[in-house]
Peer 1: 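Mind having a look at this structure? Questions to follow.
Just follow the structure's listing: the first ligand is 1, and inside any ligand the first atom is 1. What you see below is based on every heavy atom in this structure, not just the backbone, and it leaves out hydrogens, waters and symmetry mates.
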Amino acid sequence: MAPRKITLEESEIPTHWYNVAADMPNPTLPPLNPATREPIGPDALSPLFPAALIEQEVSSERFIEIPERVRELYTIWRPTPMFRARGLERALDTPARIYYKYEGLSPAGSHKPNTAVAQAYYNAEQGVKRITTETGAGQWGSALAFACQLFGLACEVYMVRISYDQKPYRKLMMNTWGAEVIPSPSERTAAGRQILAQDPDSPGSLGIAISEAVERAAGDEDTKYNLGSVLNHVLLHQTVIGQEALAQLEKAGEDLPDVVIAPFGGGSNFAGLAFPFLHRKLAEGAKLRAIAAEPASCPKLTRGVFRYDFGDSVGMTPLLPMYTLGHTFVPAKIHAGGLRYHGAGALVSQLLRDEIVEAVALDQLETFEAGVLFARSEGIIPAPEANHGVAVAVREAVAAKQAGEARVIVFNLCGHGHFDMAAYQDYFAGKLHRHALSQAEIDAAIAKIDTPEAG
Ligand SMILES: *Cc1c(COP(=O)(O)O)cnc(C)c1O
């Protein structure tokens, strides 16, 4: 019998990250200065990011070498295993062969340390002393706290007040790794003080937390700001996932899969799995589909518009070309907090526009049904975000059965759900409801967008 778990040696951790920009038929449009609306050069970003990351952000080199120190630290959790989902195949009675890459074995429990460690490394190399960031539910904050501690960097995390109060365990993980976690809005920044003056009991928002973290980095030589998704260099660092997956499929005796699937928030875990497969498609003409799975309550890829928009909700960042619902769009409070982002990274947006990748939107009830089926057939309890990928894999396996075809399906199980059991509790209590936006709600969100047309 073929093995359930397909593993690699530490020596098989990729030596390079793969940059999809080198193979794209159409390049991404340049970022714009929000004031002048002229294209900005790389140096506009230098108050916030170290030079090496800015270089990666605009690079068109196909393969970028992973520093030896980063590869060495990757061995803490990499290579991650790939599993043949025999239990799920049996439960679905499908002729499809389903594989999943499991990123939940990292110390923070998701794929995010793949970029956090790289970002901390380049900041430390440049002599930066402190990194600031924002976090909502805490996945990114905990990945960055872990990474900063490896390099002796101070880490200041602005955590949305309501999550800070309601989700103490992610905060305590960050504290355990030595990070300072500040409920946002805070008295520490002008942005925070301004909000608190208007509303001392403000629950905070990701947009406010970004403003605070950026203000701290912009105002201090020794401090930089880091982001956990969306940007090109973040997507680049995640491509270790797909490169390992390619090697593991080959080890399992498979050719290229028919379809690769991943959940989609800003694009990093989707890019991480899919981009190395797209290299085979774009450079070698391989026929495979890559599907991004987004929530029906935040459907920027399937129902948004391709426009220039801000990366944050306040409107401080450069304007980036992306599929978006508008930076002021506030999605419903679904449990997959990591997927509640208004826009999408520029690389994935351009690939979607060129019909090289696909997207589907899923109702959260369907995702939890799939997640519970997965936990009961495979054992691992997925993060609510990861359930979106599981649900599309289930749909594809059912379609393979209907077609009577032994298709090969690969998906990214990007994190475990051990800190998200309250979401499962709500699901079991029947408190989750089907929710999709009406066309009127979508139209209203899009009508509010006042940023420039793209292309
Ligand atoms: C952050 C996060 C996401 C969404 O972000 P992407 O950049 O789209 O990957 C999805 N799943 C998990 C487990 C996360 O932590």
Peer 1: Could you list the atoms of ligand 1 found under 4.0 angstrom from a heavy atom of Ser229?
Peer 2: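 Reading through ligand 1 atom by atom, the close ones are 6 (P), 7 (O).
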
Peer 1: Quick one: does any side-chain atom of Ser106 pair with a main-chain N or O of Ser110 as donor and acceptor, under 3.5 Å?
Peer 2: yes

Peer 1: Ignoring hydrogens and angles, tell me if any N or O in the side chain of Gln126 forms a donor-acceptor pair with the backbone of Ala51 under 3.5 Å.
Peer 2: yes

Peer 1: Flag the pair Glu244 and Lys101 as a salt bridge only when some basic side-chain nitrogen lies within less than 4.0 angstrom of an acidic carboxylate oxygen.
Peer 2: yes

Peer 1: Which residue and non-hydrogen atom of the protein lie closest to atom 4 (C) of ligand 1, and at what distance in Å?
Peer 2: Gly338 O, 3.3 Å

Peer 1: Could you check whether Arg69 makes a cation-pi contact with Phe151, meaning its NZ or CZ is under 6.0 Å from the centre of the six-membered ring and within 45° of the ring axis?
Peer 2: yes

Peer 1: What's the shortest distance from atom 1 (C) of ligand 1 to any protein heavy atom, and which residue and atom give it?
Peer 2: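 Going by distance alone, atom 1 (C) of ligand 1 is nearest to Lys112 NZ, 1.3 Å.
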
Peer 1: Whether Arg353 engages the ring of Tyr323 as a cation-pi pair (distance to the six-membered ring centre under 6.0 angstrom, angle to the ring normal within 45°) should be assessed.
Peer 2: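 Judged by the rule, Arg353 and Tyr323 form no cation-pi pair.
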
Peer 1: Just to confirm my output: which protein heavy-atom neighbour is closest to atom 10 (C) of ligand 1, and how far is it?
Peer 2: Glu385 CB, 3.6 Å

Peer 1: Based purely on interatomic distance, does Gly267 place a nitrogen or oxygen under 3.5 Å from a nitrogen or oxygen of ligand 1?
Peer 2: yes

Peer 1: Just to be sure I'm reading this right: ignoring hydrogens, which of Gly417, Gly138, Ser268 gets closest to atom 6 (P) of ligand 1? Compare them by their nearest heavy atoms.
Peer 2: Ser268

Peer 1: Given 3.5 Å as the limit, does a donor-acceptor pair link the side chain of Lys112 with the main chain of Asn269, or not?
Peer 2: no

Peer 1: Are any of the heavy atoms in Cys414 under 4.0 Å away from ligand 1?
Peer 2: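 A heavy atom of Cys414 does come that close to ligand 1.
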
Peer 1: Check whether Asp426 reaches the backbone of Lys431 with its side chain - one donor and one acceptor, N or O, closer than 3.5 Å.
Peer 2: no

Peer 1: Is any side-chain N of the basic residue among Arg78 and Glu103 closer than 4.0 Å to the acidic one's carboxylate O?
Peer 2: yes

Peer 1: Measuring from non-hydrogen atoms of Gln238 to any atom of ligand 1, is the shortest distance under 4.0 Å?
Peer 2: no

Peer 1: What I want to know is whether Gly266 and ligand 1 share at least one N or O pair that is separated by under 3.5 angstrom.
Peer 2: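 Yes.
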
Peer 1: At a 4.0 Å threshold, what atoms of ligand 1 neighbour a non-hydrogen atom of Gln139?
Peer 2: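 That gives atoms 13 (C), 15 (O) of ligand 1.
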
Peer 1: Give me the nearest non-hydrogen protein atom to atom 8 (O) of ligand 1 as residue plus atom name, then the distance to 0.1 Å.
Peer 2: Gly265 N, 2.7 Å

